[in-house]
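Please see the structure below; I have some questions.
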Amino acid sequence: MSKAAIILAAGQGTRMKSALPKVLHKVAGLPLLGHVAAALRGAGVDRIVVVTSAAGEDVRAYAATLGAASAIQQQQLGTGHAAASAREALEDFSGMLLIVNGDMPLITSDTISECAKAQGRTGLALLAFEAADPGAYGRVLRKPDGFLDRIVEYKDATAAERSVALCNAGCYAADARNFFRWAGALKNDNAQKEYYLTDVPILARAEGLECAVAVTDEVSVTGVNSRAELAEAEVKFQLRIRARLLRDGVTMTAPETVFFAHDTAVENDVEIEPFVVFGPGVTVKSGARLRSHSHLEGATVARGAIIGPFARLRPGAKIGEDAHIGNFVEVKNAVVGKGAKANHLTYLGDARIGEGANIGAGTITCNYDGFTKSVTEIGAGAFIGSDTALVAPVKVGDGAITGAGSVITKDVAADALAVARGKQVEIAGWAKAFRERKKAKKQSEQK
Ligand code: UD1
Ligand code: MG
């Protein structure tokens, strides 16, 4: 059966106390909304409508990058009203509809599939979980036959109802046509004067349709409503990635100090030392070693390469096999060839470094003149002397050498030596004579 989904993302997210809409806050470098959309795609959902507020332009723009359509909920009158706002966008759709809160970054495709499967039993299903600390989640009350009796929102619940640990996760599955009929008939006679999505099952039952309850694990359905919950979601997400990578054969001596992005790809037999941080878009091949305190983003690291300690790889850094990028070296949009070395205090930006080249300490590619970025090319086997400034655009040929302290402004031929610095002048005895002159002057002034 074809599947479509509505992601609810029009809420004000008041508890975040943020100018940024809640669903654009990030976990592991990806907005909450991106996590939910990815999980839906993985569960075979090809059509997604994101419900946004009228002011949610940024959310709509982000939804478009995910290949999702948007609908506007003019006033935030509750989750049921929000879901109903997607009706027009899905008018031509018949099939299974999933409705998911946009604030569940740990949801997985498997979890969504559990909900979809349960829907097959009766025509309507929701996900629930046993909460260690149920807090303000809606409580799920079941009948003796296991089907849903009703959901009671925390604010509407009695003390006895609040003592129930089974909570509503915020993920529902229904036949699309039925769903919009029910959502359109919701009432707002409750503590918050809102149209609750959680009242849909009551309308379904009036038509003789039970709601199945799929109980899933708590971590996957963690909701984010505050900064504290955002931080908790990040912790849970990191634990999940670390566990997966350890299982896949990555060595980490202190995994709790290593932070990954949602899409970090690390092969087996990579060693990651403590305190390494990944931004999005990093791939690390087997046998590479990432030493302490390195920061990587948008970079690829080939087999056997060594990065750090204290290295920074920025977007477009491509580090070749067995290459070394050492302490306080920054690499941006640069290809570093096989076996090349830049071990100390260097900036390589917009550059191509040939195989086996040696980049001396303090080398800087001067890639930016305030207006344009220019490229530096360094040939295979070249040796760049310490403290060389390479004023791009510039090329250093294969096997060439630059003298330490040179400012290289012109291309250097293969196998040549380029020295571009003031010539050393030496005056014998000058220092001693200088000191004596100064000493004598000071003594005469003190008399
Ligand atoms: C909701 C559920 C609760 C469940 C919890 C799980 C309802 C009534 N309650 O509560 O049973 O335990 O999620 O996390 O559904 N939204 C809109 N428009 C609105 C209101 C909300 O789009 O008018 C969106 C929000 O952006 C959010 C989602 O719906 O992504 C859930 O809203 P939120 O306010 O977080 O609901 P909870 O109080 O968490
Ligand atoms: Mg919520």
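Every number for a ligand or one of its atoms is a count from 1 in the order of the listing. The figures here come from the full heavy-atom set of this structure, side chains too, leaving out hydrogens, waters and symmetry mates.
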Side-chain donor-acceptor pair present, Tyr196, Asp156, cut-off under 3.5 Å: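 Result is yes, a qualifying pair exists.
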How long is the gap from NZ on Lys3 to CD1 on Ile48, to the nearest 0.5 Å?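 Reported to 0.5 Å precision, the distance equals 12.0 Å.
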State the atoms of ligand 1, each with its element, that fall below the 4.0 Å cut-off from a heavy-atom position in Gln76. 23 (O)
Using 30° and 60° as the class limits, which term best fits the ring planes of His35 and Phe237: parallel, tilted or perpendicular? perpendicular
Determine the sole option in Asn101, Val27, Ile7 for which the side chain to side chain contact (heavy atoms under 4.5 Å, CB included) test with Leu32 is passed.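 In the set Asn101, Val27, Ile7, the residue that makes a side chain to side chain contact (heavy atoms under 4.5 Å, CB included) with Leu32 is Val27.
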Check the angle between the aromatic planes of Phe278 and Phe260 and answer parallel, tilted or perpendicular using the 30° and 60° thresholds. parallel
Taking 4.0 angstrom as the limit and counting only heavy atoms of Ala169, give me the atoms of ligand 1 inside it, by number and element. 6 (C), 14 (O)
Nearest non-hydrogen protein atom, atom 17 (C) of ligand 1: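 Answer, as residue, atom name and distance: Gly11 N, 3.3 Å.
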Note: ligand 1 atoms sitting under 4.0 Å from heavy atoms of Gly138 are 3 (C), 4 (C), 11 (O), 12 (O)
Quick test of your reading of the structure: of Asn168, Val140, Thr79, whose heavy atom lies closest to atom 12 (O) of ligand 1?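 Going through Asn168, Val140, Thr79 one by one, Asn168 has the nearest heavy atom to atom 12 (O) of ligand 1.
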Relative to the heavy atoms of Lys22, which atoms of ligand 1 are at a distance of less than 4.0 Å? 35 (O)
contact_flag Asp103 ligand 1 heavy-atom lt 4.0 Å: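 Judged by the 4.0 Å heavy-atom criterion, Asp103 does count as contacting ligand 1.
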Judged by modelled atom types alone, do Glu194 and His81 share a side-chain donor-acceptor pair under 3.5 Å?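 No, no side-chain donor-acceptor pair sits under 3.5 Å.
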Logged contact type for Ala136 with ligand 1, heavy-atom cut-off 4.0 Å, is neither
Do you see a donor-acceptor pair shorter than 3.5 Å between the side chains of Thr402 and Thr388?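 The answer is yes; a qualifying pair exists.
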Using the Mg ion (ligand 2) as the apex, give the angle to atoms OD2 (Asp103) and OD1 (Asn225), rounded to 10 degrees.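 Taking the Mg ion (ligand 2) as the apex, the two atoms subtend 90°.
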Is the closest heavy atom of Ala9 to ligand 1 under 4.0 Å?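 The answer is yes: ligand 1 sits under 4.0 Å from a heavy atom of Ala9.
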Do the non-hydrogen side-chain atoms of Tyr137 and Asp133 ever get within less than 4.5 Å of each other? no
Distance-only polar pair, side chains of Thr122 and Glu210, donor-acceptor under 3.5 Å: no
Using a strict cut-off of 4.0 Å, indicate which atoms of ligand 1 neighbour a heavy atom of Asn101. 1 (C), 5 (C), 6 (C), 13 (O), 14 (O), 28 (C), 31 (C)
What protein heavy atom sits nearest atom 22 (O) of ligand 1, and how far away is it?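 Of every protein heavy atom, Ala10 N, 2.8 Å lies nearest to atom 22 (O) of ligand 1.
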Identify, for atom 24 (C) of ligand 1, the protein heavy atom at the shortest distance, and state residue, atom and that distance.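 Result: Leu8 CB, 3.7 Å.
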Run down the list Gln12, Arg15, Glu153, Glu194 and name the one with the heavy atom closest to atom 38 (O) of ligand 1. Arg15
Under a 3.5 Å cutoff, is there a donor and acceptor pairing between the side chains of Lys318 and Asn333?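 Note: Lys318 and Asn333 side chains miss the donor-acceptor criterion.
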Shortest heavy-atom approach to atom 39 (O) of ligand 1 - which of Asn225, Val152, Val50: Asn225
Are Lys143 and Asp145 ion-paired here, with the side-chain N under 4.0 Å from a carboxylate O? yes
Ligand-residue contact atoms, ligand 1 with Gln73, heavy atoms, under 4.0 Å: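 Answer, ordered by atom number: 17 (C), 18 (N), 19 (C), 22 (O), 23 (O).
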Interfacing atoms of ligand 1 (cut-off 4.0 Å, heavy-atom, Gly102):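 Heavy-atom distances to Gly102 below 4.0 Å select 30 (O).
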For Asp110 and Ser113, test the side chains for any donor-to-acceptor distance below 3.5 angstrom and give the result as yes or no. no
re atom 23 (O) of ligand 1, the protein heavy-atom contact at minimum distance is Gly78 N, 2.9 Å
Considering the heavy atoms of Ala82, write down every atom of ligand 1 situated less than 4.0 Å from one of them.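 Selected atoms, number and element: 17 (C), 18 (N), 22 (O).
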